[in-house]
Amino acid sequence: MDLTLKIWRQASAGEKGKFVDYQVQNISTDASFLEMLDVLNERLVREGEDPVAFDHDCREGICGACSLYINGRPHGPDKGITTCQMHMRRFKDGETIVIEPWRAKPFPVIKDLMVDRTAFDEIIQAGGYVSINTGGVPDANAIPIPKRDADTAMDAAACIGCGACVAACKNASAMLFVSAKVSQFAVLPQGKIEARERVQNMVAKMDELGFGNCTNTYACEAECPKEISVSHIARMNREYLSAKLVSQKE
Amino acid sequence: MSLAGLFLTSFLVVHLGINLLILFDKSLELFNQAAHFMATNPLIQLFQYVLFFGFILHIILGVVLQIQNWTARPVRYQKKGSSEQSYFSKFMIHTGAIVFIFLIIHFANFFVKAKFGHIDPITYDSGTYENLGQLVVELFRDGAYVIFYVIAILLLGFHLDHGFQSAFQSLGLTHSRYTPIIKGFGTVFSILITLGFIAIPLVIYFSF
């Protein structure tokens, strides 16, 4: 299949970017979206041009490295998958595809379609962990956990931190990501110990970094490649409000 | 934001209840009586300030949040997405702004006149009241005003439909069993409030 690609090109964070049109020919319908970009890049290298920079790593849909805002949708038109798992059969021959980087103030463009997602790491550093003091390894079954809670925590932990929720949100809000990282601990006994500090610190960090506010449009849930539920956002709101209400004076 | 919104919603119910009295009593006695009660009862007078505060809080918070949301994405997308699960959830600030403009005009038309201006009194068997009902009826004889009023209320309805369930989500009040009920109730409630408010100018325009 032949396609016209409208790709955002930007040499570096400080420079102005613009859309550049590229024609690609004879793309297999079985190729993945990233393989299609590989074909374009190989040609650009052969022609002595600068290849298009984009993030990718495992290409198995589990690492969260790939991104791309394709035709108005993070990770493209399919539901519940990352860009690397999307195949060209999803597009029509002769179609024009607009490819943009994630757009959010805390995600500055590094080059072309690559954005700096360090902001997510900073939110995790603010409290997205369980402190383990030194000692022997505890027995895995020593703490009883209801199946339902274990499943809820696992569903939240499925978040790969790709940032599609921020990209999809009209407010560039990171609430789905942060709430998944809060929820995966909040429902488990091991996570409850630091729950109050965790939710307050992570939300404060999220606001400080300049992400937008949640207005419950639920675009994040619709675009999340791991289909993380907005019920986690409600849980985080609940955790946050109660932590704020009952936390002691310093 | 959510608490102020839910509080303002409760006000709409009271307001609509009183307005509907116009339709049930063409002599306007019931409505004028109710309006007189609302204007003179000391507890309601006190509550009026709480209501003002609720409006101001909701508006200021809404604008501040919106500005933060706009600045969170300094470079816009060329191809805009539309993954939202309800169309009007995207336009809360816009529907809110139009309802706010409506509110100012509404205030000038009724509240300011009732509070500071002169309204002709009318005497019934039960007593003499300011004939506020007559003011309503006269305003709704103007077709252009009726159209403006209906559009503003429709937008308020869309604002409510998203806002109602959104408030519960923001407060963290969700539950696998009750959230679907809250969402359903919010939609039915928004439709009833909208139809109720719209019915009044239409009935007055066409049959008074």
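So you know, we letter chains A, B, ... as the sequences are listed, proteins then strands, and number each from 1. Side-chain atoms are counted along with the backbone in the values below, which use heavy atoms only and exclude waters and symmetry mates. Quick caveat: nothing in here was measured; it's all calculated off a predicted structure.
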Peer 1: Minimum heavy-atom separation for B:Pro74 and A:Ala104, please, with both atom names.
Peer 2: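 Shortest heavy-atom contact: CD-C, 4.4 Å.
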Peer 1: Do you see a donor-acceptor pair shorter than 3.5 Å between the side chains of B:Asn69 and A:Ser173?
Peer 2: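 Side chains of B:Asn69 and A:Ser173: no pair found under 3.5 Å.
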Peer 1: So what's closer than 4.5 Å to chain B heavy atoms on A:Tyr240: side chain, backbone, both or neither?
Peer 2: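 The answer is neither part of A:Tyr240.
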Peer 1: With chain B as the partner, which of A:Asn237, A:Asn216, A:Val98, A:Val230 has the greatest number of non-hydrogen pairs under 4.5 Å?
Peer 2: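 Among the listed options, the one with the most contacts to chain B is A:Asn216.
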Peer 1: Under 4.5 Å from any heavy atom of chain B, what part of A:Val109 do you find: side chain, backbone, both or neither?
Peer 2: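 Nothing of A:Val109, per the 4.5 Å heavy-atom cut-off to chain B.
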Peer 1: Which bit of A:Ile233 comes within less than 4.5 Å of chain B, counting heavy atoms only: side chain, backbone, both or neither?
Peer 2: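 Both the backbone and the side chain of A:Ile233 come within 4.5 Å of chain B.
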Peer 1: Rounded to the nearest 0.5 Å, how far does OH of A:Tyr218 lie from NE2 of B:His162?
Peer 2: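 Spacing of NE2 (B:His162) from OH (A:Tyr218) equals 6.5 Å.
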Peer 1: Please check if the number of heavy atoms outside B:Phe52 that lie under 6.0 Å from its CZ is greater than 12.
Peer 2: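 Yes.
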Peer 1: By a 4.5 Å heavy-atom criterion (distance strictly below it), what part of B:Lys90 contacts chain A: side chain, backbone, both, or neither?
Peer 2: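 Both the backbone and the side chain of B:Lys90 come within 4.5 Å of chain A.
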Peer 1: Top residue by heavy-atom pair count (under 4.5 Å) with chain A, among B:Lys79, B:Gln165, B:Glu84?
Peer 2: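 Among B:Lys79, B:Gln165, B:Glu84, the one with the most close pairs to chain A is B:Lys79.
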Peer 1: If you look at every heavy atom in B:Ser83 and A:Glu223, which pair is closest and at what distance?
Peer 2: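 Shortest heavy-atom separation between B:Ser83 and A:Glu223 comes out as OG-OE2, 2.5 Å.
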Peer 1: Would you indicate whether A:Phe19, at its atom CZ, is surrounded by more than 12 heavy atoms from other residues, nucleotides or ligands within a distance under 6.0 Å?
Peer 2: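 Result for CZ/A:Phe19: enclosed.
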Peer 1: So with a 6.0 Å cut-off around CZ of B:Phe111, is the heavy-atom count from everything else above 12?
Peer 2: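 Correct, the count exceeds 12.
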Peer 1: Which heavy atom of B:Ala72 sits nearest a heavy atom of A:Gly212, and at what distance?
Peer 2: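 Shortest heavy-atom separation between B:Ala72 and A:Gly212 comes out as CB-N, 3.5 Å.
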Peer 1: Is B:Thr174 close to A:Arg238 at the side-chain level, that is, under 4.5 Å between some pair of heavy atoms?
Peer 2: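 Result yes, sub-4.5 Å side-chain heavy-atom pair found.
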Peer 1: Heavy-atom distance under 4.5 Å to chain B: side chain of A:Cys169, backbone, both or neither?
Peer 2: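 The backbone, not the side chain.
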Peer 1: Got more than 12 heavy atoms from elsewhere within 6.0 Å of CZ, B:Phe11?
Peer 2: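 Atom CZ in B:Phe11 is crowded, with more than 12 foreign heavy atoms closer than 6.0 Å.
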Peer 1: How long is the gap from CZ on A:Arg73 to OH on B:Tyr77, to the nearest 0.5 Å?
Peer 2: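 Here the rounded value is 13.0 Å.
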Peer 1: Please round to the nearest 0.5 Å and tell me the distance separating atom CG of B:Leu61 and atom CG of A:Asn213.
Peer 2: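 Those atoms lie 10.0 Å apart.
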Peer 1: Flag yes if more than 12 heavy atoms outside B:Tyr205 fall under 6.0 Å of its OH atom; otherwise flag no.
Peer 2: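 Open.
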Peer 1: What are the two closest heavy atoms between B:Arg76 and A:Glu100, and how far apart are they?
Peer 2: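 So the two residues come closest at O-OE1, 4.3 Å.
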Peer 1: Under a 4.5 Å cutoff for heavy-atom pairs, which residue among B:His175, B:Gln68, B:Met92 has the most contacts with chain A?
Peer 2: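 Top count of heavy-atom pairs under 4.5 Å with chain A: B:Gln68.
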Peer 1: For chain A, find which of B:Ser86, B:Gly163, B:Ser170 contributes the most heavy-atom pairs closer than 4.5 angstrom.
Peer 2: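 Highest number of heavy-atom pairs under 4.5 Å: B:Ser170.
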Peer 1: With heavy-atom distances below 4.5 Å as the criterion, would you say the side chains of A:Lys170 and B:Lys80 are in contact?
Peer 2: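 In short, these two side chains do not touch, never coming nearer than 4.5 Å.
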Peer 1: Could you tell me which portion of A:Pro101 (side chain, backbone, both or neither) has an atom closer than 4.5 angstrom to a non-hydrogen atom of chain B?
Peer 2: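 Backbone only.
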Peer 1: Quick one, A:Leu241 with B:Leu171, criterion side-chain contact (heavy atoms from CB on, under 4.5 Å). Give me CA distance, side-chain angles, the key distance, then yes/no.
Peer 2: CA-CA 8 Å; A:Leu241 282 174; B:Leu171 292 169; 4.1 Å; yes
